[in-house]
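Right, one structure below, let's go through it.
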Amino acid sequence: MGFFNFLTSDIAMDLGTANTLIIHNDKVVVDEPSIIAKDRTTNKVIAVGSRAQQMHEKTHDNIKTIRPLKDGVIADFHAAEEMIKGLIRLIDTRNRLFQQSHRMVICIPSGITEVEKRAVRDSAEHAGAKEVWMIQEPMAAAIGIGIDVEQPMGSMIIDIGGGTTEVAVIALSGIVCDQSIKTAGDVFNQDILDYMRRQHNLLIGERSAERIKIEVGAALTELDVTPPDYEVRGRDLMTGIPKVIKVTSSEIAIALDKSVAKIEEAVLKALEISPPELSADIYENGIHLTGGGALLRGLDKRLAAKTKLPIHIAEDPLRAVVRGTGKAIKDIQGFRGVLLT
């Protein structure tokens, strides 16, 4: 058995629209943007993850950057396969006598179709996985933040990622009701981009929009602790000359208002369709917020005001999903009820 273990490695992967995280031997060994850069002439991959992200929107005609996932699912099958291979290579670069095969547990959105599920499985198998299991994101997030999902106790999870926002009520190792919407981090970036163009006649790129969201992004115009104004550099649409302006968190809150309202609607819809006994549990336990979107300033307060329920932001929300996936691969028999094949 020891020799067999030497030839097999367990990998837990949170394959996200914006970032991919991998746990190997109980440690997060890869935390990279979900993007690859390819040479157009040879069709070879020249960079994966953060190196490719640095090239994004700065390439010439011979290089193209591809984000293989859109709205939480694989949009470019071959690019996704190349990206998974490249990220797995980052785990262990030592020269091995034998090529290892992998057992993988991969996260998927709860609203995924069978075709999209097959695309994930095929990509993983082509990248060297001999066994592939899948786990739904809200379930992985619940396990990751320490909720005992097997109990007959209702828990509500809001997981705001890059491509999708998943709202799910979980009990007895299953998702009782869920809402999956395509309003998440990427849409926030687009909102900021559109706002800068509309209000300030300033053209900025995706990377700048993401930076603004991190530095001064907010869900409320009035915050307890206001971040300092942020300098935005871009191209003036009137003159075509680069210029700099300053933006405040309240401006960005206005830009993101409609998208945050859609998340509120999804939460209210999920609460509306959950069974009354589970509603009682949610009233007692509150709602758990995970994913990168949980870091948006004031979002917890805004949701608490809308739902009249306590909102708990997970500790290290960006890694909650991958931690849950890591726990699942360590005890595949124990979590058999929540894993999909």
Side-chain angles (χ1 to χ4, degrees), residues 12-23 28-37 47-58 65-76 79-80 82-84 86-87 90 106-112 116 119-120 123 136-138 140-141 144 157-166 180-194 204-217 219 252 255-256 259-260 262-263 289-297 299 313-314 316-325:
M13 185 182 288
D14 172 13
L15 191 60
T17 309
N19 290 295
T20 296
L21 291 95
I22 296 176
I23 282 186
V28 176
V29 287
V30 172
D31 182 354
E32 297 277 333
S34 302
I35 186 167
I36 63 168
V48 176
S50 46
R51 275 189 59 228
Q53 179 72 11
Q54 285 164 2
M55 299 177 188
H56 189 46
E57 298 186 312
K58 293 185 177 183
T65 53
I66 307 166
R67 290 184 63 190
L69 288 104
K70 191 173 181 344
D71 301 332
V73 294
I74 291 173
D76 185 327
E82 298 280 9
M83 186 182 79
I84 293 169
L87 293 174
L90 295 177
I106 300 177
C107 265
I108 53 168
S110 56
I112 197 169
E116 290 162 346
V120 173
S123 291
Q136 290 169 315
E137 273 169 25
I157 304 285
I158 304 171
D159 180 51
I160 307 170
T164 57
T165 293
E166 311 274 330
S180 181
I181 59 167
K182 292 182 167 98
T183 302
D186 283 355
V187 173
F188 293 162
N189 293 351
Q190 192 58 47
D191 289 343
I192 292 168
L193 219 132
D194 294 343
I204 60 169
E206 271 176 46
R207 289 171 60 189
S208 297
E210 173 85 21
R211 203 66 248 152
I212 295 166
K213 182 178 74 181
I214 292 165
E215 297 295 336
V216 288
I252 303 306
L256 300 179
S259 294
V260 175
K262 282 181 188 166
I263 292 172
L289 208 51
T290 67
L295 299 169
L296 194 67
R297 295 166 187 82
L299 182 63
I313 298 177
D316 194 5
L318 282 162
R319 295 187 171 190
V321 170
V322 79
R323 277 204 307 270
T325 316

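What you see below is based on every heavy atom in this structure, not just the backbone, and it leaves out hydrogens, waters and symmetry mates. One-based numbering along the sequence shown.
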Nearest 0.5 Å, please: how far is [atom2] in [Y] from [atom1] in [X]?
X    : Y    : atom1 : atom2 : answer
L289 : I158 : CG    : CD1   : 5.5 Å
H56  : S50  : NE2   : OG    : 14.0 Å
S110 : I157 : OG    : CD1   : 11.5 Å
I108 : D14  : CD1   : CG    : 12.0 Å
L15  : E137 : CG    : CD    : 9.0 Å
L296 : L256 : CG    : CG    : 6.0 Å

Does [X] come within less than 4.0 Å of [Y], counting only side-chain N to carboxylate O?
X    : Y    : answer
K213 : E210 : yes
E215 : R297 : no
R319 : D31  : yes
R323 : D316 : yes

Taking side chain as C-beta onward, heavy atoms only, is [X] less than 4.5 Å from [Y]?
X    : Y    : value
R207 : K58  : yes
I22  : V28  : no
I160 : L299 : yes
E82  : I66  : no
T17  : D186 : yes
V30  : L21  : no
C107 : V322 : no

| query | Counting distance only, does the side-chain N/O of T325 pair as donor-acceptor with the main-chain N or O of V321 below 3.5 Å? | reply | yes
| Side-chain donor/acceptor of T165 to backbone N/O of T183, under 3.5 Å | yes
For [X] and [Y], work out which heavy atoms get closest and say how close.
X    : Y    : result
G162 : A18  : CA-CB, 4.2 Å
A52  : T65  : O-CG2, 3.9 Å
M55  : A47  : CE-CB, 3.7 Å
G217 : I252 : CA-CG2, 3.8 Å
K262 : I181 : O-CD1, 3.7 Å
P68  : I35  : CD-CA, 4.3 Å

Taking atom types as modelled, is there a side-chain donor on [X] or [Y] under 3.5 Å from an acceptor on the other?
X    : Y    : value
E32  : T20  : no
D191 : S259 : yes
T290 : D159 : yes

| said: Name the residue from M83, Q53, R67 that meets the side-chain contact (heavy atoms from CB on, under 4.5 Å) definition with S34. | reply: M83
